[in-house]
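Okay, so here's the structure we're looking at.
Each residue takes its place number in the sequence, starting with 1.
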Amino acid sequence: MGNSKSGALSKEILEELQLNTKFTQEELCTWYQSFLKECPTGRISKQQFEGIYSKFFPDADPKAYARHVFRSFDANNDGTLDFKEYMIALHMTSSGKTNQKLEWAFSLYDVDGNGTINKLEVLEIITAIFKMITTEDQKHLPEDENTPDRRTNKIWDFFGKKDNDKLTEGEFIQGIMNNKEILRLIQFEPQKVKEKLKEKKH
């Protein structure tokens with residue numbers, strides 16, 4: 001009958017993913033087939049993941065950001081993503097509940113995984129995000145957030161932190177819940193640029 005890689009998705013993983021994501025059983029099975037075509041081993045390496053991101057953002061350099069996203073979803077830290085980790089990544093980054101998304105965002109910004117975030121870690125992720133914003137689009141950003149340093153300072157000020165302070169997960173989530181402006185600043189948001197273009201048309 002062939003091994004589990006070539007066969008259908010296991011019942012346990014299917015049930016778990018249906019419970020934890022918005023995908024239907026049919027969608028999950030379709031995703032699984034295309035996942036196996038791309039990754040016959042049933043696992044995605046960091047390089048393959050970066051390649052997927054590069055297809056999404058052909059005009060930018062998403063490698064650094066993709067690396068951080070990969071790290072935040074490699075739950076068992078083995079340097080690859082299996083189908084379950086991959087689908088949870090897809091769900092979280094596209095349509096997870098706010099709280100889930102913020103927990104994920106915390107793990108994205110907690111670069112060294114020590115349970116707190118410092119200002120340098122914020123700068124590292126914001127710098128990666130800036131590599132995905134075209135130079136032209138960067139020109140449209142407000143002056144106090146149009147470089148990685150400025151945007152990082154703005155975020156850190158919103159949290160009311162001094163340069164050497166650290167942020168816990170609770171403070172991070174609470175701060176964002178209290179101030180939607182922080183959420184906008186920590187995300188990669190190409191739609192902001194689209195809104196700007198709409199404004200120009202009027």
Side-chain angles (χ1 to χ4, degrees), residues 20-21 46 49-50 53 56-57 60-81 85-86 88-135 137-196:
N20 290 312
T21 72
K46 200 180 287 184
F49 192 74
E50 286 170 18
Y53 256 74
F56 280 132
F57 303 101
D61 177 15
K63 282 205 172 83
Y65 187 69
R67 256 197 308 279
H68 287 296
V69 173
F70 184 92
R71 167 187 52 76
S72 68
F73 285 114
D74 181 11
N76 58 2
N77 239 347
D78 68 352
T80 64
L81 295 188
E85 290 168 330
Y86 179 66
I88 285 174
L90 264 185
H91 168 71
M92 285 285 212
T93 49
S94 61
S95 57
K97 293 189 185 80
T98 304
N99 221 40
Q100 280 183 319
K101 270 188 168 171
L102 294 181
E103 283 170 12
W104 168 66
F106 182 83
S107 68
L108 179 71
Y109 277 84
D110 181 13
V111 175
D112 63 7
N114 73 345
T116 59
I117 293 173
N118 63 36
K119 194 174 180 183
L120 278 176
E121 287 175 312
V122 174
L123 180 61
E124 187 169 337
I125 302 296
I126 295 296
T127 303
I129 287 175
F130 262 74
K131 286 183 180 165
M132 294 164 68
I133 306 173
T134 63
T135 318
D137 292 343
Q138 286 183 32
K139 289 176 191 166
H140 300 298
L141 293 169
E143 202 168 313
D144 63 348
E145 57 184 73
N146 65 0
T147 69
D149 281 303
R150 285 175 185 168
R151 185 176 279 209
T152 299
N153 286 336
K154 194 171 177 179
I155 291 166
W156 213 239
D157 288 347
F158 272 138
F159 280 116
K161 292 289 183 183
K162 295 190 181 75
D163 277 3
N164 294 325
D165 286 348
K166 287 179 167 45
L167 266 178
T168 64
E169 185 173 6
E171 289 174 317
F172 180 80
I173 291 173
Q174 200 52 54
I176 293 170
M177 291 292 208
N178 294 344
N179 188 341
K180 289 289 179 275
E181 196 57 3
I182 302 177
L183 187 60
R184 179 181 70 75
L185 291 167
I186 66 164
Q187 290 179 318
F188 169 58
E189 286 192 300
Q191 66 264 35
K192 280 277 168 267
V193 177
K194 285 179 194 155
E195 283 167 22
K196 282 261 186 324

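- With rounding to the nearest 0.5 Å, the separation of CG in Asn99 from CG in Leu102 is 6.0 Å.
- In this structure Tyr86 satisfies the ring pair (Phe, Tyr, Trp, His ring centres under 6.0 Å) test together with Phe35, sequence neighbours excluded.
- Taking OG1 of Thr134 as the reference point, atom CG of Asp61 lies at 13.0 Å (rounded to 0.5 Å).
- With hydrogens and angles ignored, the 3.5 Å screen pairs no side-chain donor or acceptor of Asn153 with any backbone N or O of Asp157.
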Please report the C-alpha distance between Arg151 and Val122 in whole Å, then the side-chain angles of each, then the deciding distance to 0.1 Å, and finally whether the side chain to side chain contact (heavy atoms under 4.5 Å, CB included) criterion is met.
CA-CA 9 Å; Arg151 185 176 279 209; Val122 174; over 6 Å; no
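- Closest approach of Ser72 and Trp104 over heavy atoms only: OG-NE1, 2.7 Å.
- The side chain to side chain donor-acceptor pair (under 3.5 Å) check on Asn114 picks up Thr116, with sequence neighbours excluded.
- At distances below 3.5 Å, at least one donor-acceptor pair connects side-chain atoms of Gln138 with backbone N or O atoms of Ile133.
- Qualifying side chain to side chain contact (heavy atoms under 4.5 Å, CB included) partners for Lys154, counting only residues two or more places apart in sequence or in other chains: Asp144, Glu145, Phe158, Glu181, Arg184, Leu185.
- Residues meeting the side chain to side chain donor-acceptor pair (under 3.5 Å) test with Thr127, sequence neighbours left out: none.
- Between Thr80 and the options Asn77, Asn76, Asp78, a side-chain hydrogen bond (donor to acceptor under 3.5 Å, both in side chains) holds for only Asp78.
- Taking Arg150 as the reference, Glu143, Asn146, Thr147 meet the side chain to side chain contact (heavy atoms under 4.5 Å, CB included) condition, with sequence neighbours excluded.
- More than 12 heavy atoms of other residues, nucleotides or ligands shown are found within 6.0 angstrom of NZ on Lys161.
- Between the CD1 atom in Ile88 and the NE2 atom in His91 there is a gap of 8.5 Å [rounded to 0.5 Å].
- Under the 3.5 Å distance criterion, the side-chain polar atoms of Tyr109 are matched with a main-chain donor or acceptor of Ile186.
- Considering all non-hydrogen atoms of both residues, Asn20 and Gln100 come closest at O-NE2, 4.3 Å.
- For the atom pair OH of Tyr65 and CD1 of Ile129, the computed distance is 5.0 Å after rounding to the nearest 0.5 Å.
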I would like to know whether Val69 and Tyr53 meet side chain to side chain contact (heavy atoms under 4.5 Å, CB included); could you show each step before the answer?
CA-CA 10 Å; Val69 173; Tyr53 256 74; 3.8 Å; yes
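- Every pair passing salt bridge (Lys or Arg N to Asp or Glu O under 4.0 Å) that includes a residue from residues 102-128 is listed here, sequence neighbours excluded: Lys119-Asp163.
- Trp156 pairs by the ring pair (Phe, Tyr, Trp, His ring centres under 6.0 Å) definition with nothing, not counting sequence neighbours.
- The structure places CZ of Arg67 at 8.5 Å from NZ of Lys63, a figure rounded to the nearest 0.5 Å.
- With sequence neighbours excluded, no residue satisfies salt bridge (charged side-chain N to carboxylate O under 4.0 Å, His left out) with Arg71.
- Partners of Glu85 under the salt bridge (charged side-chain N to carboxylate O under 4.0 Å, His left out) rule, at least two apart in sequence or in another chain, do not exist in this structure.
- Not counting sequence neighbours, Lys162 has no partner by the side chain to side chain donor-acceptor pair (under 3.5 Å) test.
- Atom NZ of Lys101 is separated from atom CD1 of Ile176 by 12.0 Å, given to the nearest 0.5 angstrom.
- Contacts of Phe130 classified as ring pair (Phe, Tyr, Trp, His ring centres under 6.0 Å), with partners at least two apart in sequence or in another chain: none.
- In terms of the ring pair (Phe, Tyr, Trp, His ring centres under 6.0 Å) criterion, residue partners of Phe106 (sequence neighbours excluded) are, by chain and number, Phe172.
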